[in-house]
Amino acid sequence: MIVKGEDIPFMGEWAELKKNYLLEEKPEDYDELVSEDMLLEYLSATEDRYSKRFDELVKRQMEMQGVNEELKVTNQLQWVGRVNNIRSQVREIL
């Protein structure tokens with residue numbers, strides 16, 4: 001069982017963000033999840049959900065902005081820059 005302040009294994013970027021949010025903004029919710037022994041399950045589900053959503057949104061934005069395999073082959077530097085920009089934008093949205 002996890003107690004408040006105990007190290008929680010890193011489960012991914014989204015789970016870490018959610019854990020920190022709960023600790024800082026919703027400590028009562030964090031305590032409830034800990035007391036019900038549901039914190040790891042909750043963080044795992046959060047990581048899965050947000051990871052899938054992130055990938056979907058990145059793919060959709062790449063399609064909408066014409067960032068495709070052809071661009072990757074013809075101008076790899078531009079492709080990398082545009083993909084990184086899209087990923088940053090989607091990360092901010094989520």
Side-chain angles (χ1 to χ4, degrees):
M1 180 175 194
I2 293 176
V3 294
K4 194 166 189 171
E6 184 177 314
D7 286 333
I8 297 170
F10 182 77
M11 301 173 82
E13 174 184 9
W14 304 110
E16 190 72 16
L17 288 170
K18 188 62 161 187
K19 179 190 77 172
N20 291 336
Y21 169 77
L22 289 170
L23 281 169
E24 294 170 13
E25 303 294 331
K26 303 281 187 179
E28 62 282 348
D29 293 347
Y30 181 91
D31 290 340
E32 185 177 335
L33 287 165
V34 168
S35 69
E36 294 175 3
D37 204 22
M38 296 289 294
L39 182 61
L40 292 179
E41 184 178 329
Y42 177 78
L43 293 176
S44 178
T46 299
E47 180 65 29
D48 291 344
R49 185 173 59 251
Y50 277 83
S51 291
K52 288 176 187 171
R53 186 72 177 137
F54 178 80
D55 292 342
E56 291 168 2
L57 289 173
V58 167
K59 183 178 177 183
R60 186 180 309 158
Q61 284 299 314
M62 287 176 66
E63 290 170 358
M64 289 174 54
Q65 296 182 29
V67 180
N68 53 32
E69 289 300 313
E70 183 180 333
L71 178 61
K72 185 177 180 180
V73 170
T74 59
N75 192 337
Q76 190 173 17
L77 189 57
Q78 182 183 15
W79 182 87
V80 168
R82 290 180 66 187
V83 169
N84 285 340
N85 188 37
I86 289 169
R87 292 174 61 86
S88 293
Q89 291 172 352
V90 170
R91 191 171 280 111
E92 276 298 311
I93 291 168
L94 293 177

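This structure is a prediction, so every number in the text was calculated from the model and none was measured.
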What side-chain hydrogen bond (donor to acceptor under 3.5 Å, both in side chains) pairs are there with at least one residue in residues 71-84, not counting sequence neighbours? N75-Q78

In Å, rounded to the nearest 0.5 Å, how long is the span from NZ of K19 to CG of L40? 10.0 Å

Could you grab the distance from atom CG of L43 to atom CG of D48, nearest 0.5 Å is fine? 11.0 Å

Heavy atoms from other residues, nucleotides or ligands near CD of Q65 exceed 12 (cutoff 6.0 Å): yes

Tell me whether Y30 is reachable from W14 by hopping between hydrophobic residues (I, L, V, M, F, W, Y) whose side-chain heavy atoms are closer than 4.5 Å. no

Do L17 and Y50 have side chains that approach each other closer than 4.5 Å (heavy atoms only, starting at C-beta)? no

Is there a path of hydrophobic side-chain contacts, each under 4.5 Å between heavy atoms, that joins M11 and L94? no

Rounded to the nearest 0.5 Å, what separates atom CD in E13 from atom CD in E47? 7.5 Å

Mind checking the CD-CE spacing from E32 to M38? Nearest 0.5 Å is all I need. 10.0 Å

Start with the C-alpha gap between K18 and Y42, add the side-chain angles, then the distance that decides, and say whether side-chain contact (heavy atoms from CB on, under 4.5 Å) holds. CA-CA 9 Å; K18 188 62 161 187; Y42 177 78; 2.8 Å; yes

Between F54 and V80, is there a shared hydrophobic cluster once you connect ILVMFWY residues whose side-chain heavy atoms come closer than 4.5 Å? yes

Once you round to the nearest 0.5 Å, how far does CZ of F10 lie from CD of E16? 5.5 Å

What I want to find out is whether E56 reaches R53 closely enough, with some N-O distance under 4.0 Å, to be called a salt bridge. yes

dist K26:NZ -> L33:CG (nearest 0.5 Å) comes out at 12.5 Å

Does R60 form a salt bridge (charged side-chain N to carboxylate O under 4.0 Å, His left out) with E63? I'd like the steps, not just the answer. CA-CA 5 Å; R60 186 180 309 158; E63 290 170 358; over 6 Å; no

